[in-house]
Amino acid sequence: MDSALNSGDTAWLITATAMVLLMIPGLALFYGGMVRSKSVLNMLMMVMGAAFVVGILWVFYGYSMTFGTSSGGLIGNFTEYFGLESLIADNPEATTPPIAFVAFQMMFACLTVGLIAGAIADRTKYAAWMIFAGVWASLVYFPVAHWVWASGGWIFELGVIDFAGGTAVHINAGAAALALAIIIGKRRGWPKTPMRPHNLTIVMLGAGLLWFGWFGFNAGSALAANNTAAVVVLNTMVATCAAAIAWLVVEKIRDGHATSLGAASGVVAGLVAITPACSAVSPIGAIIVGVLAGAICALAVSLKYKFKYDDSLDVVGIHLVGGLVGTLLIGILATDLAPAGVNGLLYGGGADQLGKQAIGAFAVLGYSLIVTAIIAFIIKAVMGFRTDEESEAEGVDVTEHAESAYELGDSGGGGVFAGVGHAARSKSEEM
Amino acid sequence: MKLITAIIKPFKLDDIKEALEGVGVKGMTVSEASGFGRQGGHTEVYRGAEYTVTLVPKVRIEVLIEDERAEEVIGVIVGAAQTGKIGDGKVWAVPVETVVRVRTGERGAEAL
C-alpha cells in the first residue's frame, strides 16, 4: 500500500516541535535572570512545572478539548481522543503523522501557561501555582486555542488571522498575567524597594534560546516544509531585529542609555508581535510590525507604575501589548502577496480584516481576564496563593524548595569557610 | 602598635600593595566593603525604572605597624591611592593594645 507520508514535512514538524520545547527552558532563564537571586529557582520551577502538568493533561483531554469536534465553535469534544490511542496507528493517507501535530501543539500549551509566571515572581506558593497551571490550561487555554485554531472554532471561522498564537498564546497569557498580578497583589516593598534583575547574562541567554525556538514556533506552524514556512522564518527574523532596535532607541532617548535588558526585551516583544502576522505580511511589513511593537512595548512596561499593579517581569507590557499590536496590525499591513493571501487596510483590503482581528483579540482578552480572575479568587480562598511575609523576605527558593541557587560568597560552600556551620544529613539514613 | 585602616577605590589595591611591600611592610588584610561618603552612589535603569545604588563598592585594607612607622605607612597608602577625584577614600589609625603571632606566641613588634 502506498503511503502519502511526506518525509520532508514530517521531519520539519518533529524538528519544530523540539525547537518549541527549547523555548521552555529559554523562557525560564529569561525570567529567572530578571528576578532577585533569592527566588530564581522558584521562577525556573514555575515555568518548567507548568509544562510538566500541561503535558500530561494534553494526553487525557487537552488535545480533545482543543482539536476535537466542535460544539458550537466554543469547545472540542472532551473524550474524542482520550488517551490519544486512536491517533498512534499509522495513517497511510496523512502527509504527516497525526500524532506529530498533537505533539507540536502540546508544546504550545506547555509554553503558554509558563508565560504567566513572570507576573507573580518572588511571592507565589508553588503548590498553588501548579494547581493554577492545570486549571488555567483546562478552562482558558484549551477553549481559546479551540476558538482560534480548530476547524469549527468561532474565531477561526470568522476569518481572523492568527498564524502562530498572537491571540491564543500571547494576548491570552498576558491578560491572565494582569488578572493574577492584581489578585495576588504586589510584592512587599514594591515599587519603593529596588528589585533589580540579578543576572542579565542569563536573561540574554534565555532571549537567545527563545529566538531560536521561535523559528520552530512560527515556521513550524506552517505544518509543512514549504514556502510559507520559509517566508515566516524571514519575517520572524527581521521583525525581531527591528523591535530590538526600536526598544533601544526609546531607551536612549528616554533614559539616556541603551541597555542589555532592553535589547533582550525588544527581541521578545518583536517575536510576540510577529507571531500572528508572520504569514500575512511582507518583509517590509514585518519590519514595521517590529518597530511598532518594540517602541510601544518599551513604553507599555511603565504602565504598571502608573496603575500600581506588580506585573513583576512585564508579561502584560510585552505579551499582552505585543500580542495586540501584532494581531491588529494584520488588519492594516496584510498583503495578498504573502502566504495568508489577504489584503489589509494599507493594501486596499478595506477595514474588514481589521474589524475581524479586533473582535478576535478583544474576545480572547476579555475571556482570559474574567476566567483567570475567577480561578485565582477560588485558589486564593481555598489554599492561599502567596507565601507569608517572612518567606517573601527570606526568599521563596529556600522556603518553597529548600534550595539556594548560588554558593558564591565567603560563607558559602566553595570558599575558605566551606563547610563551616553546615551539617549534612541524609534522609535515607533515618529510615 | 597601630592598626591602620584604609578604605580605597578597588582598582588601586595592587598599587597600594606594591607600595607597602616597597617600604618593607610584612603583611596586610584585605576585604571587600561597601559604603557611602561624599561620592554618593550611582543610578541604574531597568526597563525605564530608575534605581539609585547608594552604597559604592570599596576595598578595606588593614595593616598593623609599629607606632614610629605609622605616619610613614599612612603617607605611602595615601600616595598610592590618590587619584584626586571624589571617592578616593579614607585612611585612619588607632592604637592597638596587644598583638600575638599564633604560631610562636611572640608578642608586640616581634609578632609583626
Side-chain angles (χ1 to χ4, degrees), chain A residues 30 33-36 118 189-200 203 247-266 268-269 294-306 310-318 321 408-411 415-416, chain B residues 3-14 16-17 20-21 25-64 81 85-87 89-90 99-104 111-112:
Chain A
F30 177 68
M34 273 189 273
V35 299
R36 289 166 294 168
W190 187 89
K192 277 204 82 173
T193 309
M195 295 179 181
R196 288 185 293 162
H198 88 282
N199 188 339
L200 290 169
V203 171
W247 190 301
L248 293 178
V249 168
V250 168
E251 281 192 332
K252 181 70 185 163
I253 294 168
R254 181 185 59 191
D255 312 320
H257 299 277
T259 69
S260 69
L261 180 59
S265 308
V268 175
I296 293 171
C297 291
L299 298 169
V301 292
S302 300
L303 289 174
K304 64 180 178 182
Y305 298 107
K306 193 167 162 76
D310 183 7
D311 169 18
S312 313
L313 311 180
D314 300 306
V315 186
V316 176
I318 294 178
V321 173
L408 302 172
D410 280 348
S411 53
V416 288
Chain B
L3 171 66
I4 297 170
T5 303
I7 305 293
I8 56 145
K9 286 184 169 164
F11 77 94
K12 280 290 185 184
L13 175 60
D14 274 345
I16 295 167
K17 181 166 166 286
L20 287 174
E21 282 169 340
V25 171
K26 294 285 194 300
M28 64 195 278
T29 303
V30 175
S31 46
E32 289 179 25
S34 49
F36 72 94
R38 293 189 192 177
Q39 184 185 3
H42 64 274
T43 303
E44 297 180 2
V45 186
Y46 298 98
R47 284 184 175 164
E50 279 199 3
Y51 296 98
T52 307
V53 179
T54 50
L55 299 179
V56 184
K58 295 284 168 189
V59 162
R60 175 175 52 225
I61 297 173
E62 288 162 307
V63 179
L64 282 167
K85 297 202 186 94
I86 197 160
K90 299 268 186 292
V99 180
V100 183
R101 186 193 304 279
V102 172
R103 173 165 58 86
T104 58
L112 294 184

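Chain A is the first sequence line, chain B the second, and so forth, proteins listed ahead of strands; every chain is numbered from 1. The analysis underlying the following values was restricted to heavy atoms, covering all of them including side chains, and did not include hydrogens, waters or symmetry mates.
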Side chain, backbone, both or neither of Ser265(A) within contact of chain B (heavy atoms, under 4.5 Å): both

Could you look at Glu32(B) and say if it's the side chain, the backbone, both or neither that has a heavy atom under 4.5 Å from chain A? neither

Against chain A, label Tyr46(B) side chain, backbone, both or neither, depending on which of its atoms sit under 4.5 Å from a heavy atom there. both

How close do Tyr51(B) and Met195(A) get, heavy atom to heavy atom, and via which atoms? CE2-N, 3.5 Å

Counting heavy atoms not belonging to Phe36(B), are there more than 12 under 6.0 Å from its CZ? no

Which bit of Leu200(A) comes within less than 4.5 Å of chain B, counting heavy atoms only: side chain, backbone, both or neither? side chain

side-chain contact (heavy atoms from CB on, under 4.5 Å), that's the test. Do Val45(B) and Glu251(A) meet it? Break it down for me. CA-CA 9 Å; Val45(B) 186; Glu251(A) 281 192 332; 6.0 Å; no

Evaluate Arg47(B) against Asp314(A) for side-chain contact (heavy atoms from CB on, under 4.5 Å), listing each step before the verdict. CA-CA 9 Å; Arg47(B) 284 184 175 164; Asp314(A) 300 306; 3.0 Å; yes

